Amino acid sequence: MRVRFVRWPLLFITLLSLVLTACGSQPAAAPTAAPTTAPAESTEEFTFGMVLVGPINDGGWNQAHYEAAQYVVEKVPGVKFIYIDKVNPADRPNVKVEQAIEELIGQGARLIITNSAEFADGTNIAAAAHPDVYFIHASGDKVLTGEAPPNVRNLMGRMEYGKMIAGCAAALTTENGKLAYLGPLIDPETRRLVNSTYLGARYCWENYRGRSADELAFKVTWIGFWFNIPGVTLDPTKVANDFINEGYDVILSGIDTTEGIVEANKATQAGKRVFAVPYDFKGACAQGEAVCLGVPYFNWGPDYKRLVELARSGQWEPAWEWTGPNWSNINDPDTSMIGFVKGPALSAENAAKLDEFIAKLADGSLNLFTGPLYYQDGSVFVPEGQVADDKTIWYTQQLLAGIEGQSAP
Amino acid sequence: MHIAVEHLTKRFGAVCANDRLTISFAAGQIHGVLGENGAGKSTLMKLLAGYLQPDEGRILFDHAPRRLSGPGDALAVGVGMVHQEPLDIPAFTALENLLCAAPPGVFRSRRAAQTALQELAERLGFPVDPAARLDQLTVGQRQQIEIMRLLLCGARVLILDEPTTGITAAQARSLFTALRQIAAEGRTVLFVSHKLEEVAELCHTVTVLRNGQVVPPGQLPMPQPQEYLLSLMFGEAGAEPPIYRPLPLIDAPPVWELHRVTARSGTLQLVDLNHRFAAGRIIGLAGLDGSGQQVLLRLLAGQLAPDRGRVLVNGRDLTGAGPIAFRQAGIEYLPADRLRDGMIGALSLTDHFALLQGRGALVDRRAAEEAARQAIAEYQIKATPITPIAALSGGNQQRAMLALVPPDARGILAEQPTRGLDVASARAIWGRLQARRDAGCCVIFASPDLDEIMEYSDEVIVCFAGRIGPPIPRALLSSARLAELIGGVGFDALVEAVA
Amino acid sequence: MEQLLIDLAAVLAAASPLVIAAMGETLSERAGVINLSLDGTMLLSAMTGFAVALITGNLILGFIAAALVGALVAAVLGLFSLTLGQSQTAVGFVLALLCTDLSSFLGAPFARVPGPSVPFTPIPVLSDLPVFGPLFFRHDPVIYASLLIVPFTAFLLYGTRLGLIVRALGERPAAVYARGVDVTRWRYAMLIAGGALVGIAGAAFSLDLKQGWSYRHTFGSGWIVLAIVIFGGWRPWRVALGCYLFAALELVATRSQSALPDIPTQIVQVAPFVLMILVLALVNLAASPAAARQVMRLPAFWQRPLLAAINRLRATAPAALGQPFERP
Amino acid sequence: MLWLRQLPDRYTRMRLDRLKPLASLTRPLLALLAAFVLTTIALLSSGVAPLEAYRLILFGAFSTPVRLSDMIMLAAPLLLCSVGLSITFAGGLYNLGVEGQMIAGAIAAMVPLRLWPDWPPLLLWLLAGLSGAAGGALWALLIGGLRRYAGVSEIFAGLGMNFLASGLALYLVLGPWRRQTSASLSGTDLLPRELWLPTVDRLRLAPAAPVIALIALVIVWWALTKTRWGLEVRAVGLNPAAAARLGIVTARRMAETLAACGALAGTAGMLQVVAVHHALIPNISSGIGLLGLLVALLARADPRWLLPIAVAFAAFTVGSIQLPLTLGIDSAIAGVLQGALVLFALATRARR
């Protein structure tokens, strides 16, 4: 017997939906993606949208952005916040950044924040298509290179300082001088952050521990993306475990998520002594208080508040911004872009040394990007007697000599 | 155990396989059940052994009615059935077969089971190795193990379905001895067969089935005149005598020539074969299952490449050329399992002819349908050109498979060409094959049925334990001699005599 | 030496979910049913196990929930294939995709959320043994379970009467039916028991080895387990060996980053999967009749040992694997 | 139906005849109902109003021209894949490797585009199409080889080749073909604008894509039903042993079906490159191949049903993108609906 099964009804539904659409019975509530002119109520309520690469509760990079947006809503009256998170090829294989941006604009967003280096092209394409909407591409440099339309700004924090502090904390605490860095993907940003960590660690290893730089092992393993994408990246859990099995006793995280500290905590419970330095988000130590040496974090709130107000007032102009900490109080939630919270596992003695280190960075008496600095292949990064300028640091080409790990993908 | 059926009826669709049967089988005796294919023997046995449930009527065990929900239920009552192809687990050892799903409490341990098996084997005169895997054993040995398993699991009624097909004469003799002993111990044995001689030799009573009914109603005590039983089985028409034909010329051109061929398949190795198979004759391959007939057929069909030596077809060297080349050279292989290997069940006869057209990018359905129509008329196939092959009866499928053999075929290799067919269909098939032979084909067939070999072969080749004997003209062979050769008696002498 | 010991222990640990799942699949395939939904089942049960453990704060409940999910999916597969007679392959494949999407949908709120994990529990006294201590007795309960389940499965299949029935179900169900066993019911039982193990394996990922939940968290593990069961010839010890081989490949892949600076990181993630299939292909190739024919051409001196090796490599699938049961 | 028995005989027969087509609809409707019940339970369990979700899933793809064009651009490769799979299903193969064949096709299509970007676009598109189809076919043939010579079932060979293909794509995106600035998982550099398949103004719709898919559908339908090749393929699929006995070179037909499927999947991959993503991205196949398997299973590899089902499934997928944007739930629910549909359709099929 030949039975036609679900195919007839399926055809029916397809046709029905076509007919319904054709008859104009389009549901009124459906958001439209067509280009919109500014809604009339924009003078009263200002909507800004955010496209996030990961989930808003990842305990890392994305949560920092999300909480910054909440900070803006709290501090600026009449502002509404909408977002789409997990925009990445693994979580949403069929959604492109442009599509997500268009949906947000369709829902009335006048300012769009995109928070991943991966979003550079999509942000530019959408910005060109919507010249009346403002865009902040966080962590990008297309304004600097001149490829971005005029309604785009770039914003990034000088995490280099945070990473130097992190490296120092690690070097102060390590028992065997073996530090491991859980790296995301390889690009100029991650290279300069790894280098900063190494510089901080080497300085404190030499100056506070009084040991030779040769005795410091510093290894990077890149997982391949900002967080674990099963099947695409290395599994950060496995990588962290492998660090521990190979005897590294501090795991510094450079990825968006918290596998490093979780595994260090597990290993410590299992009788080993492994410390961790998470990344990105102020509250990240909560994943393993006992092993947390502290966390360098982003505090996007103040800058987003400033830019939202700027966009609202229409005083927008393209800019590439690279904001540093407020050195008078790096943990001030209203002024400092970059902060460092000390963790419970950092001993009081080391905490004091770390404070001393931070003070040196703050007063400018210590600049770790001072030559001579060499790349892994022996070529010169910063010549002797010179100090690297922003552009040299931003476009770091390789990892520094002394670091074990890949420099280029 | 006394066993009886009353008004037992089983229908399959419109066919009434068992029609209000009322019979009883006394304990301590061997009861023969005779009947041609499709007479309802198997259905009755399956009803008794719990494989089927009756539509009407009832079965009484020691005069108590009992519904059997399955074979396990039947075994609990005390009925065990030995199938023609033993229903055991080939991948297991004899001992594991014994233990697998044995009723609780029968064997306390592996060791106990092994002891019980060896004791029973000694009593019945069956040689057995408890650690041997069944797929290394012959059908006869597997049958012995199956019988012992059922007895050890408490069978008081033993049903044997065509037990002598595919076993050696020696094994048959030892089986009969064992069955007599089993009956003497007070058990009931039902012996299903279509071989009158065996029934006459072994059974105390006989029941004849025809078209689902017992004829005449009730059991007959043995012995009975053979002609009488035949007329009961086949009705008044009786059996036609087979047609004999003198051997064609010896110098007919060879279809196949084997030169020093060595081939292996699984554990079986054929060594140093030198044969020529001439056109215009029917050659029967006799032997126990797995003695080398299948390997030889596959070798001749090109499905098996020889390790050494050369295979010539019609004088052309086709060594290792593959089945397609053999087919193009006019060799046609007709497998035993028609639906599994022979034809495509979901396609119709027209589709099959379309497949055979072999040229042109598009299918010429008109021509194919015409060819199918012709074949249906010529081969008396009960089907339309667009009936799926799977919907045909076994006999019609076999005819269809023959009809699909191209008219210019030079060699036909048939594996059990009448397997599962009733007498009338088998005759029709053989009529066709003989016509092919007369048209100059060389027909080689393998069959476990010695009567068929004796009846239709012009020459007989005996296969024994992977060795292929020389062709013996049918006229020089008797049934008894053939049975001996199959069992290996005098096989070496025969091979040496020819060499 | 010490490093080797640590690495071996890491391989034992990393393979534990695979081993548990592979034993489950071995059970159901031995009974003649292919559970092709493995990958989806593992994802769905990993997600459920994690979610339940997170919400209730109870790890045991998480594992129980995961086992139930695995059993449920297996039961659905049984319903469609054993009872309704559909192709096991088709139903299994559809279930694999369906469960994958279901896990993504229902698991979205739990994606990349920190949660509970199985605590490290070294076994007192035994863990201080030289060599054996660090290798076998300094793990957590999930890993101990994975170490125990292999001999258990082997014993079940080869040492018990139940095992005889299970193997017979996969070899010749008609014979089992003739012995009075309800084939369908027992196939259901094995399928569901196997499914529960697969579910536990999923939870072993999300609650222990790859702690947490994310979209397609166990990426491809289910498929690779299916391949490993074939590689292992449906024999528990060899199947387990396959799992450890795969885990070792993964470890090597992670380590290889520093050694192979020109290879992008992401490649090494995929490499073990490809290598495993390649190994399967090579083993099959070596055990094929064609290889045996090649061996026959060699001098007689080599023939015997090589043929013996080929015979050892050869793994025949249960004869009735994937076949619907028809009463004789 | 008891009441029918009381009616006069002639009348009854007439009524029953009329009811027949309706009766044949009950099973599919049951399947549809069951699929929706399952999906509704899933939706309710995550606290979403099911009706709103269904409205978005079922009609979301048609609500604006942009979404309609997105749907068509998804339906085109989906149709290509499922058309290809209907060939392998006819040949009795479960080609789970279709995903990898798509990736291989996309990679192969990139080769001429990267080698000679200055050549005339028309020529380049043709070259990309040919090379994409060849790449997919080659990839599929590898599966055939593994099956034939190493005895690896095509299911696992296909999966292995999928892993290999995605690894290769990743390697190219992050290695030799990486962006000029820095390697990025978001793909290679975008192709030059003039190499993008022309699109309808302001929409992402490249009309060439659906046209190619429809042409492939018609050709395959014709080839499977009218030609000797199609008949032979079906014969091999139904019973390889018997087909071989009837003189069909089964291994060759199997290889051909795989290659044909691979070529179509490769073409789909090519379209993903030149018409959708305009670059090679790691996830270029986006699960379209596996979705194609569902489509082919639901259509029972009957080419006539592929188009409506592929369109419906593409609509579900595109419509479901609205879910996270407007309802904040995961779009995977469309996959649940699709999977459940196929599953329950299987269940209501007559036992074979």
Side-chain angles (χ1 to χ4, degrees), chain B residues 42 46 49-53 68-77 79-93 95-104 106-110 113 133-135 142 146 149-150 153 161 262-267 269 304-308 320, chain C residues 30-32 155 157-187 189 233-235 287-298 300 303 307-308 310-311 314-321 323 325-328:
Chain B
S42 293
K46 284 185 171 176
Y51 288 91
L52 293 172
Q53 278 69 44
L68 302 175
S69 60
D73 211 11
L75 192 56
V77 175
V79 181
M81 178 160 171
V82 181
H83 296 253
Q84 192 177 341
E85 159 86 350
L87 205 48
D88 51 17
I89 302 139
F92 282 13
T93 65
L95 190 60
E96 284 175 329
N97 260 287
L98 205 59
L99 285 165
C100 178
V106 171
F107 305 115
R108 258 191 238 115
S109 66
R110 250 182 130 79
R133 266 174 66 119
L134 294 198
D135 48 13
R142 287 167 57 190
E146 189 69 1
R149 181 183 75 79
L150 290 169
C153 289
D161 189 10
T262 298
R264 103 175 6 244
S265 166
T267 51
Q269 191 171 13
L304 186 71
D307 291 337
R308 288 189 204 102
Chain C
R30 272 293 189 171
F155 175 72
L157 284 178
Y158 291 101
T160 68
R161 299 214 187 169
L162 175 64
L164 274 177
I165 295 180
V166 173
R167 279 154 55 206
L169 282 171
E171 291 291 344
R172 201 161 182 211
V176 190
Y177 171 73
R179 285 154 164 78
V181 176
D182 187 333
V183 171
T184 306
R185 185 184 301 168
W186 276 96
R187 281 193 162 172
W234 295 268
R235 282 177 290 195
S288 69
R293 250 203 308 281
Q294 290 297 322
V295 168
M296 291 307 290
R297 304 231 167 102
L298 293 174
Q303 281 185 12
L307 283 180
I310 284 174
N311 272 335
R314 184 170 295 157
T316 39
L321 181 60
Q323 306 293 321
F325 167 61
E326 277 159 18
R327 284 223 234 152

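Below, read A as the first sequence line, B as the second, and so on, with proteins coming before strands; counting in each chain starts at 1. Remember, predicted model here, so these are calculated numbers, not experimental data.
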Nearest atoms (heavy-atom pairs only) where Gly70(B) meets Tyr177(C)
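Answer, listing the atom of Gly70(B) first, then Tyr177(C): CA-OH, 4.4 Å.
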Identify the heavy atoms of Ala168(C) and Ile89(B) that sit nearest to each other, and give their distance.
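Ala168(C) and Ile89(B) have their closest heavy atoms at CB-CD1, 3.5 Å.
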Given heavy-atom pairs under 4.5 angstrom as the criterion, report whether the side chain, backbone, both or neither of [X] touches chain C.
X	result
Pro90(B)	side chain
Leu99(B)	both
Tyr51(B)	both

Which of Ala305(B), Ala91(B), Ala74(B), Gly72(B) touches chain C most, by non-hydrogen pairs under 4.5 Å:
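The answer is Gly72(B).
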Can you tell which of Leu52(B), Asn97(B), Leu150(B), Asp73(B) has the highest number of heavy-atom pairs within less than 4.5 Å of chain C?
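That would be Asn97(B).
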Hey, what do you get for CG (Asp88(B)) to CZ (Arg179(C)), rounding to the nearest 0.5 Å?
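If we round to the nearest 0.5 Å, Asp88(B):CG and Arg179(C):CZ are 7.0 Å apart.
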Sequence-distant partners of Trp186(C), side-chain hydrogen bond (donor to acceptor under 3.5 Å, both in side chains), two or more places apart:
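With neighbours one apart ignored, the set is empty.
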A side-chain contact here means heavy atoms from C-beta on lying under 4.5 Å apart; do Arg172(C) and Leu87(B) qualify?
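Counting from C-beta outward, Arg172(C) and Leu87(B) do come under 4.5 Å.
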I need the contact set between residues 158-166 of chain C and chain B: heavy-atom distance under 4.5 Å, sorted by residue number.
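Interface residues of residues 158-166 of chain C: Arg161(C), Leu164(C), Ile165(C).
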